[in-house]
Amino acid sequence: MNWEVVIGLEVHCQLRTRSKLFSNAPVSFGEAPNHAIAALDIALPGTLPVLNGGALELAIRAALATHCTVHERSIFARKNYFYPDLPKGYQISQYEEPLATGGHVDLEPTDGAPRRVRLTRIHMEEDAGKSIHAGSSTDTLVDLNRAGVPLIEIVSEPDLRSAADAAEYLRTLREIVRAVGASDADMEKGQFRCDANVSLRHPGDARFGTRTEIKNLNSFRFVEAAIHSEVRRQTEILESGGTIVQATMGYDAERDRTYTMRIKENADDYRYFPDPDLIPVVISAARIEEIRASLPELSAARTARFIAQYGLAAHDAAALATKPALGAWFEAAAKIAGAKSAANWVLRDVLAALNERGAEIAQAKLAPEAFGALVKLADDGKVTAKNARELLAEMLWQGGDPEALIAERGLAAVSDTGALEAVADEVIAGNEKAVAAFRAGDAKSLNFLMGQVMRRTQGKADPAAVREILSRRLGG
């Protein structure tokens, strides 16, 4: 409670191209080391970079989707540093004149209040190669397959205040770049990873504390864990009277701790200057608008449409709209089940099941049409809500036809009023004490009697119908 956590993220997102940013080498995953390279990637003398136009358009799509201002002119620069997996001795990136600035990402509202993470900039750059230590303390192997792979770096303002918010921001951002086709953003393949800048300050203090940067976090779980670990470390230092040193940190997942890799460099340490081998990138305002027009519906517009078209509450509409894949899944189901029922089941039951596994809707095997059919069966009283939820938990990961599964397992709801009345009469006759207690004013006894009816019908009776029958039979 003595400290406010301040977090900004730098996300490196691999663009969805077949070739690299400045060479014709293929972008591939799983190739044998140093087999997806061209002369430029290994810095052979005399080689010159040529910008991949497809990568530029994908970068613009991502920038527009996050409400950035795309500049008609941007400059590629050389970021100079020496590392074995950077053969040229510099990385081609953008610095003073990036592709896009400003922008924002909206998160799901909390307690009805909107949450917005501002963006500082989006710039293009090439990836570096990969150093492999292979268990040796003295030898390092270098794989340059990744060198030159096109990236955008999406830099946020320090607007995040918790590790959970940071993970939610990343999930939302990944959904956006996937939705507009800019990136596959597969974290297991290193296509979507981030550096987290973390600092602490006293609540109400306008000044930021000294930040540290945790490098190369490639899963939502690691992002949260690393931030929690760094917050603990900084808290211990500050509360013992120490000071935070600006540094680049690594995260050791096995020990759940961050550690100092090097004292943080500043921008002037990289000696940025415009790359003399690349002319300025110039794109017309008309072309930018053409790309904007080709984008799919974005979250703000989708939220407004869900409210107007389906009559959803603003909070529910935003929760579905800010996750494009989930929103599309909901809409397909809503054509069968009805929008409000489908939304209620998605936000309550489907999201709970996904969160339990840390999964996305794309990983589920249940078709949205089958989900809609299951919800409609429950709404129509053909299966109880309890049995429908149990089926949903299974079908999400195994798929299947709800009607067939209900018939196969004998889960169809008992809808014959005469049959339910007969069971209710048996329960009333066999539970005289509970009946007397209810008639004496103990309303809870009705729940006991309902439970007996549900047990005798193997949970297939509609609870509302059972309550109505028992109340009528008991005269209350």
Side-chain angles (χ1 to χ4, degrees), residues 10-63 74-95 98-99 122-134 140-154 177-178 180-195 215-216 218 270 272-283:
E10 300 171 9
V11 177
H12 295 86
C13 177
Q14 179 177 320
L15 296 171
R16 194 177 176 213
T17 61
R18 291 192 298 270
S19 58
K20 293 184 179 181
L21 187 55
F22 298 112
S23 81
N24 62 359
V27 172
S28 60
F29 181 81
E31 289 277 356
N34 299 309
H35 277 61
I37 57 175
L40 179 75
D41 306 322
I42 56 177
L44 289 184
T47 55
L48 293 172
V50 177
L51 178 62
N52 182 330
L56 175 62
E57 294 218 0
L58 293 178
I60 293 171
R61 291 177 71 83
S74 59
I75 298 288
F76 279 104
R78 292 184 179 183
K79 180 181 180 180
N80 296 273
Y81 64 95
F82 175 77
Y83 209 68
D85 56 20
L86 196 69
K88 297 190 297 289
Y90 60 86
Q91 177 189 31
I92 302 177
S93 182
Q94 292 184 317
Y95 181 52
L99 176 71
I122 294 180
H123 64 259
M124 300 182 70
E125 64 184 21
E126 61 179 350
D127 206 348
K130 182 179 181 181
S131 295
I132 303 169
H133 303 292
T140 298
L141 305 177
V142 176
D143 179 6
L144 295 175
N145 284 347
R146 205 170 66 186
V149 166
L151 304 177
I152 49 174
E153 183 171 340
I154 305 168
V177 297
R178 283 178 166 179
V180 299
S183 175
D184 292 327
D186 188 328
M187 299 183 85
E188 291 185 0
K189 294 180 179 178
Q191 296 173 353
F192 193 82
R193 56 193 193 271
C194 82
D195 304 334
K215 298 290 285 186
N216 292 327
N218 62 356
Y270 293 121
Y272 283 99
F273 63 86
D275 192 312
D277 293 333
L278 287 161
I279 62 174
V281 177
V282 177
I283 182 164

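The residues of the chain are indexed from 1 along the displayed sequence.
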Side chains of [X] and [Y], heavy atoms from C-beta outward: is any pair under 4.5 Å?
X      : Y      : result
Lys79  : Tyr90  : no
Glu57  : Ile283 : no
Val50  : Leu40  : no
Ile152 : Ile154 : yes
Leu144 : Asp41  : no
Ile75  : Val281 : no
Leu278 : Phe22  : yes
Glu153 : Glu125 : yes

Donor-acceptor under 3.5 Å ([X] side chain, [Y] main chain):
X      : Y      : value
Asn145 : Phe29  : no
Asp143 : Asn34  : yes
Lys20  : Glu126 : no
Gln94  : Leu99  : yes
Gln191 : Asp186 : yes
Asp195 : Asn216 : yes

Give a yes or no on whether a salt bridge exists between [X] and [Y], defined as a side-chain N under 4.0 angstrom from a carboxylate O.
X      : Y      : result
Asp275 : Arg78  : yes
Arg16  : Asp184 : yes
Lys88  : Asp277 : no

State, to 0.1 Å, how close [X] and [Y] come at their nearest heavy-atom pair, and which atoms those are.
X      : Y      : answer
Phe192 : Val177 : CE1-CG2, 4.4 Å
Ala36  : Pro26  : CB-O, 3.7 Å
Thr17  : Gly54  : CG2-C, 4.4 Å
Pro98  : His123 : CB-CB, 3.8 Å

Could you measure the distance from the [atom1] atom of [X] to the [atom2] atom of [Y]? Nearest 0.5 Å is fine.
X      : Y      : atom1 : atom2 : answer
Ser131 : Leu86  : OG    : CG    : 10.0 Å
Lys130 : Leu141 : NZ    : CG    : 11.0 Å
Leu58  : Gln14  : CG    : CD    : 11.0 Å
Leu56  : Ser74  : CG    : OG    : 7.0 Å
Met187 : Cys194 : CE    : SG    : 7.0 Å

Q.
Other residues, nucleotides and ligands only: do more than 12 of their heavy atoms fall within 6.0 Å of CD1 on Ile279?
A. no
Q. OH of Tyr83: more than 12 outside heavy atoms within 6.0 angstrom?
A. no
Q. Can you name the residues that form a ring pair (Phe, Tyr, Trp, His ring centres under 6.0 Å) with Tyr95, not counting sequence neighbours?
A. Tyr272
Q.
As a quick check of understanding, evaluate side-chain contact (heavy atoms from CB on, under 4.5 Å) for Leu51 and Leu21, giving each step before the final call.
A. CA-CA 6 Å; Leu51 178 62; Leu21 187 55; 3.8 Å; yes
